[in-house]
Amino acid sequence: MPLDLVVTAILVVLSQGCKWRAIDQPEANWNSIYQYFRRWCRQGVWTQAFSRLGPSVCGSTRYLDSTHIKVHRCASNPPGGQAPQAMGRTRGGLNSKLHALVDAHSRPVSLLLSAGQEADIRHAPAVLSGLPAHWLVADKGYDSDPFRDWLRRRGTRTCIPPRAKRKYPARFSRKRYRGRHRVENFFERIKNFRRIATRYDKLAESFFG
């Protein structure tokens with residue numbers, strides 16, 4: 001099967017949110033295409049393509065945030081349970097959470113998948129690990145003294161508004177903080193792909209792929 005046909009079929013499924021069986025054609029067997037997708041997920045092909053073929057990072061300021069992704073009922077019973085597959089219960093139901101670090105052009109620098117009920121701050125060091133930045137812009141969910149100290153030791157300055165109940169709130173630049181929409185723009189763009197906006201995959205490996 002031609003490689004361009006396989007990639008095109010995969011992109012159709014991801015963008016339209018249809019089932020893999022919906023692309024079954026004489027020249028494109030749905031199961032063969034799905035097996036290509038699963039194999040590339042296991043081998044990390046998508047991650048390698050992301051790191052090697054993506055555009056170069058722009059600027060020295062990074063924007064950090066996360067977004068909830070509703071888990072469809074067809075994906076809610078993975079083998080081994082929900083917790084190992086980055087699923088968790090919130091007030092809105094079963095969710096996964098995608099953490100993203102983007103550059104000044106809203107292009108992803110680092111991505112991480114977690115269960116929906118886990119706090120953003122818990123995974124922030126992993127998202128930022130090994131990725132130097134002069135400035136980090138994030139919302140008040142990342143307002144933590146240990147996190148600020150960790151960034152300071154790395155040479156990263158922060159633009160994070162303080163929580164309302166802070167006794168000694170940290171100062172931040174409102175002008176610089178206005179740029180935080182860049183990470184929201186990234187989430188808005190990728191959620192045009194319906195299989196990202198809603199999680200239909202039982203395995204975290206497949207969904208993250």
Any donor and acceptor pair, going by atom type alone, linking the side chain of Arg180 with main-chain N or O of Val137 inside 3.5 Å?
no

Roughly how far apart are Ser114 OG and Arg122 CZ, rounded to 0.5 Å?
8.0 Å

Please test Leu94 against Gln82 for side chain to side chain contact (heavy atoms under 4.5 Å, CB included), starting from the C-alpha separation and ending with a verdict.
CA-CA 9 Å; Leu94 191 61; Gln82 296 171 347; 3.6 Å; yes

Side-chain heavy-atom pair Pro79, Leu203 within 4.5 angstrom cut-off
yes

Does a side chain donor of either Lys191 or Thr67 reach within less than 3.5 Å of an acceptor in the other side chain?
yes

So Arg42 and Trp40, do their side chains get closer than 4.5 Å, heavy atoms only?
no

About how many Å separate OH of Tyr177 and OH of Tyr63, when rounded to the nearest 0.5 Å?
12.0 Å

Side chain to side chain contact (heavy atoms under 4.5 Å, CB included), that's the test. Do Thr61 and Arg182 meet it? Break it down for me.
CA-CA 11 Å; Thr61 301; Arg182 289 176 174 84; over 6 Å; no

I need the minimum non-hydrogen distance between Asp143 and Pro161, along with the two atoms involved.
CB-O, 3.8 Å

Grab the two heavy atoms, one from Pro78 and one from Met87, that are nearest each other, plus how far apart they are.
CG-CE, 4.1 Å

Taking the side chain as every heavy atom from C-beta outward, state whether Ile69 and Asn95 have any atom pair closer than 4.5 Å.
no

Can you name the side chain to side chain contact (heavy atoms under 4.5 Å, CB included) partners of Ser60, sequence neighbours left out?
His134

If you define the side chain from C-beta out and look only at heavy atoms, does anything of Lys165 sit under 4.5 Å from Arg163?
no

Nearest-0.5 Å distance, OG of residue Ser96 to NE2 of residue His68:
9.5 Å

Quick one: do Trp135 and Leu151 end up in the same hydrophobic cluster if we chain Ile, Leu, Val, Met, Phe, Trp and Tyr together by side-chain heavy atoms under 4.5 Å apart?
no

My understanding is that only residues two or more places apart in sequence, or in another chain, count here; which of them pass ring-ring contact (aromatic ring centres under 6.0 Å, His included) with Trp20?
Tyr34, Phe37

Looking only at heavy atoms, the pair that brings Ile160 and Arg148 closest together is O-NH2, 2.9 Å

Taking the side chain as every heavy atom from C-beta outward, state whether Leu113 and Arg199 have any pair of such atoms under 4.5 Å apart.
yes

Taking the side chain as C-beta and beyond, is there a heavy-atom pair between Ile33 and Ile10 under 4.5 Å?
yes

If every non-hydrogen atom of Ala100 is compared with every non-hydrogen atom of Val127, which pair is closest and at what distance?
C-CG1, 4.5 Å

Heavy-atom pair of closest approach, residues Arg89 and Gln117:
O-CB, 3.3 Å

Could you state the interatomic distance from OG1 (Thr158) to CG (Asp149), rounded to the nearest 0.5 Å?
9.5 Å

Greater than 12 external heavy atoms within 6.0 Å of Arg154's CZ
yes

Are Val71 and Leu98 in one and the same hydrophobic cluster, where Ile, Leu, Val, Met, Phe, Trp and Tyr link if side-chain heavy atoms are under 4.5 Å apart?
no

Looking at residues at least two apart in the chain, or sitting in another chain, which of them share a salt bridge (Lys or Arg N to Asp or Glu O under 4.0 Å) with Arg195?
Asp201

Tell me which pairs pass ring pair (Phe, Tyr, Trp, His ring centres under 6.0 Å) where either residue lies in residues 187-209, with sequence neighbours left out.
His72-Tyr200

With respect to Asp65, which candidate in Leu101, Asp120, Val102 satisfies the side-chain contact (heavy atoms from CB on, under 4.5 Å) definition?
Asp120

Would you call Asp145-Arg166 a salt bridge at under 4.0 Å N-O?
yes

With sequence neighbours left out, write down each residue that passes side-chain hydrogen bond (donor to acceptor under 3.5 Å, both in side chains) with Glu188, or none if nothing qualifies.
none

For the side chain of Gln85 and the backbone of Ala204, is there at least one donor-acceptor N/O pair under 3.5 Å apart?
yes

Does Tyr36 have more than 12 heavy atoms from other residues, nucleotides or ligands lying within 6.0 Å of its OH?
no

Nearest 0.5 Å, what's the CD-CG distance between Gln16 and Leu14?
10.5 Å

Looking only at heavy atoms, the pair that brings Ala133 and Thr156 closest together is O-OG1, 2.8 Å

Short side-chain to backbone donor-acceptor contact, Ser76 and Arg73, under 3.5 Å
yes

Under 3.5 Å, side chain of Arg62 to main-chain N/O of Leu131, donor-acceptor pair present?
no

Value for CZ (Arg174) from SG (Cys159), rounded to nearest 0.5 Å, stands at 10.0 Å

Just jot down the side-chain hydrogen bond (donor to acceptor under 3.5 Å, both in side chains) partners of His181, sequence neighbours excluded, or say none.
Asn185

So, do Thr90 and Lys97 sit near enough that their side-chain heavy atoms are less than 4.5 Å apart?
no

